[in-house]
Amino acid sequence: MNDWTKRIPEKYKDHLLKVREQQLQIAKKLELQKGISLEEVQLVAGFDTAFDDENNIACSAAVTVDIETLETVEKQFTYFKPKIPYVPTFLYEREGPGYKKLFQQIKEEPDVLLFDGNGILHPFGCGLASQIGYELKKPTIGVAKKLLLGTFEGPLKEGGYSEIIHHEQVLGVAFQSLPSPAKPIFISQGNYINLKTAVNVVRFFTQTQQFQKKLPLPLFLAHLFAKEKLGKE
DNA sequence: GCGACAG
DNA sequence: ATCTTGTCGC
C-alpha cells in the first residue's frame with residue numbers, strides 16, 4: 001500500500017486532507033462513459049503554467065486551436081501567486097487557481113480543454129484535469145509527461161499505444177508520440193469524455209503537423225506562451 | 001522493509 | 001516546474 005500523505009508538508013496537512021476528501025467525492029461523479037464525441041470537437045484549448053519562484057509569481061496561458069484548420073483562434077494569459085508548493089497528487093491546488101481565472105477570460109468557448117497533468121490517472125481517481133472538468137462542467141483531458149502510477153506494456157513503437165493499468169483498471173493510455181529515445185506521453189480522461197475520444201484528440205494534434213511534437217499542439221503552444229509572458233523565452 | 005510520486 | 005553545456009546521432 002502506498003502512502004500518499006507522507007510527502008505533505010505539515011503546514012498544509014489540514015487543508016490538503018480536506019481536499020483529498022473532495023477528490024474522492026468528485027471521482028464518483030465524473031462522466032467517463034459518454035460525454036463528447038470526436039465529431040463534436042471543433043475548438044481545443046491547451047492550458048499550461050510557467051513559474052518564477054524568485055518573485056513568487058506564475059503565469060497560466062491558454063491557446064485555442066481549431067481542429068480543422070489547425071489555426072490558433074485565441075490566446076489568453078493571466079498572472080497569479082501560487083498559494084502552496086507542488087505536492088504530488090495535489091497539482092490542482094497549485095495550478096488550479098490560475099486556470100479558473102484564465103477560463104473566465106476566454107471569449108470563444110472551447111469544446112475540449114487539455115491540461116499538463118492527469119485526469120483519472122491519479123491515486124484517488126481525480127487529478128488536475130478531472131477536478132477542473134468537474135468544476136467548469138467542460139470536457140477535459142489530462143496529458144502527463146511522466147507516469148504517476150500504473151503500468152503498461154512496452155516498449156512502444158512510434159505511433160503505438162498501450163493501456164495503463166492500475167488495480168486491474170484501465171486508467172489511461174501511454175502513447176509514443178515521438179520515436180524511440182523519447183518517452184511516451186500519458187493520456188487520461190478528465191471529465192465528460194471517454195478514453196477512446198480523449199486518445200484520438202491527443203493523437204490528432206501530435207501527428208497532423210509538419211513537424212512532429214511530443215505534446216499535442218494546443219499544449220505545446222500554451223507552454224510557449226506562458227513562458228513568453230513570464231519573460232523567459 | 002524502504003521508497004517511488006503529474007508540474 | 002526550473003536551472004543550463006556539452007554532446008550524441010541522424
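Just the heavy atoms: all of them, side chains too, but no hydrogens, waters or symmetry mates, feed the values below. Lettering of chains follows the sequences in order, A, B, ..., and the numbering in each one begins at 1.
Scanning all heavy atoms of the two residues, the minimum distance from Gly190(A) to Ile120(A) falls at O-CG2, 4.4 Å.
Evaluation of the salt bridge (Lys or Arg N to Asp or Glu O under 4.0 Å) test over residues 53-75 of chain A, restricted to residues two or more places apart or in two chains, returns Asp53(A)-Arg94(A).
Remark: side-chain polar atoms of Thr206(A) are not paired, donor with acceptor, to backbone N or O of Lys213(A) under 3.5 angstrom. The backbone N or O of Lys229(A) sits less than 3.5 Å from a side-chain atom of Tyr79(A), completing a donor-acceptor pair.
Proximity note for Ala50(A) (side chain, C-beta onward) versus dG7(B), dT2(C), dA6(B): the nearest is dT2(C). When distances are taken from the side chain of Arg94(A) to each of dT2(C), dA6(B), dG7(B), the shortest belongs to dG7(B).
The interatomic distance linking Leu149(A) (CG) with dA6(B) (P) rounds to 10 Å, in whole Å. The interatomic distance linking Glu93(A) (CD) with dA6(B) (P) rounds to 16 Å, in whole Å. One can place CD1 of Ile84(A) at 11 Å from C1' of dG7(B), the figure rounded to the nearest angstrom. Here the P atom of nucleotide dA1(C) and the CG atom of Asp116(A) are 7 Å apart, to the nearest Å. With rounding to whole Å, Asp52(A) atom CG is found 12 Å from dC3(C) atom C1'. Between the C1' atom of dG7(B) and the CZ atom of Phe47(A) lies a distance of 16 Å, rounded to the nearest Å. Atom CG in Leu121(A) sits about 15 Å away from atom C1' in dA4(B), given to the nearest Å. Whole-Å rounding puts the Leu219(A) CG to dA6(B) C1' distance at 13 Å.
DNA chain C forms no stem, meaning no run of 3 or more consecutive Watson-Crick or G-U wobble pairs whose two key distances fall under 3.5 Å.
Across all strands, Phe115(A) comes closer than 4.0 Å to no nucleic acid atom at all (heavy-atom distances).
Aromatic ring orientation, Phe51(A) versus Phe80(A): perpendicular (interplanar angle above 60°, classes split at 30° and 60°).
Look at Lys6(A) and you won't find any side-chain N or O under 4.0 angstrom from OP1 or OP2 of dG3(B). Considering only side-chain N and O atoms, Lys227(A) lies nowhere under 4.0 angstrom from the phosphate OP1 or OP2 of dA1(C).
Note on Asp116(A) versus Lys145(A): salt bridge recorded, some NZ/NE/NH1/NH2 to OD/OE distance being below 4.0 Å.
The distance between the ring centers of Phe115(A) and Tyr99(A) falls below 6.0 angstrom.
In this structure, Tyr86(A) counts as stacked on the base of dG7(B) under the 5.5 Å centre distance and 30° plane angle limits.
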